[in-house]
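The figures here come from the full heavy-atom set of this structure, side chains too, leaving out hydrogens, waters and symmetry mates. Numbers here are sequence positions counted from 1.
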Amino acid sequence: LNPSYLPPFQLEYFASIDPQGPWRTILDDYLKLLPDIAPSGCVPDWFVLTADGPRKDLASDGRGSYDAVRVYLWAGIGGGSGSDRLLRRAVQPYAEFIRKAARLPERCYPDGRAPEGQMPAGIETALLPFYQRNNAADLELAARRRIDEATVSGLVGQPARYYEQALTLFGLGWTDQRYRLDGTGRLKPQ
């Protein structure tokens, strides 16, 4: 399973419009698993769910990288429901992890192995809401400097890659107060 495919605000919304559906159960089960799959706040890109609980995905070696970065975005932009708060609390230690690494690592490992590489600035835009919600002004300021330095003609990164631009729209859109989500996961353009 890919944790970034389970944005709590979307599952909250689905549960609000389809109360008989599986959405609430999926959300509750995911939030119960999260401390086991991300004990240090480092979320893996993929994990395997077995009858005995979550296990490391051997194909990805348990790393958290480009897929997992969306989980921190979801934690930042969530509308404030109880599920959003639980997600934020589970991944909050990642802010300290970034401080200790002195960068946003390209790869982290929930099992405690040393982080590797550095994410491109366009990817880090996804963490701006996470930094704000965690009162990590120092991390936000450092990220904004990197983002500003990497911005050319309004696009972040050289070459300008699609994934980085999409994350930039989400991250900067939220921090620039262009949208919000309410407690039921509904989009609220500002």
Quiz prompt | R85 side-chain N/O to G80 backbone N/O, donor-acceptor pair under 3.5 Å | solution = yes
Practice problem: Assess the side chains of Y5 and Q10: does a donor N or O sit below 3.5 Å from an acceptor N or O? | Solution: no
Quiz item: Looking only at atom types and distance, does a side-chain atom of D45 sit under 3.5 Å from a main-chain N or O of A68, one as donor and one as acceptor?
Solution: yes
Quiz item: What's the shortest heavy-atom distance between A121 and A150, and which atoms?
Solution: CB-CB, 3.7 Å
Exercise. Hey, could you give me each pair passing disulfide bond (SG atoms under 2.5 Å apart) that has a residue in residues 47-107? Not counting sequence neighbours.
Key: none
Exercise. Could you list all the side-chain hydrogen bond (donor to acceptor under 3.5 Å, both in side chains) pairs where at least one residue sits in residues 149-171, not counting sequence neighbours?
Key: T125-T168
Self-check item: Spatial distance of atom NZ (K32) from atom CD1 (I37) [nearest 0.5 Å]
Solution: 14.5 Å
Practice problem: Determine the sole option in E140, R144, Q132 for which the side chain to side chain donor-acceptor pair (under 3.5 Å) test with T175 is passed. | Solution: R144
Quiz item: Is there any disulfide bond (SG atoms under 2.5 Å apart) pair reaching into residues 94-183, and which pairs are they, with sequence neighbours excluded?
Solution: C42-C108
Quiz item: With no hydrogens and no angle check, is any side-chain donor or acceptor of R88 less than 3.5 Å from a backbone partner on A75?
Solution: yes
Quiz item: Is any side-chain N of the basic residue among D61 and K56 closer than 4.0 Å to the acidic one's carboxylate O?
Solution: yes
Quiz item: In Å, rounded to the nearest 0.5 Å, how long is the span from OG of S83 to CG of L31?
Solution: 5.0 Å
Practice problem: Would you give the length of the straight line joining atom CZ of R24 to atom CG of D18, rounded to the nearest 0.5 angstrom? | Solution: 12.0 Å
Self-check item: Atom pair CZ (F9) and CH2 (W74), whose distance is rounded to the nearest 0.5 Å
Solution: 5.0 Å
Quiz item: So, the side chain of Y72 versus the backbone of V43: is there a donor-acceptor pair under 3.5 Å, distance only?
Solution: yes
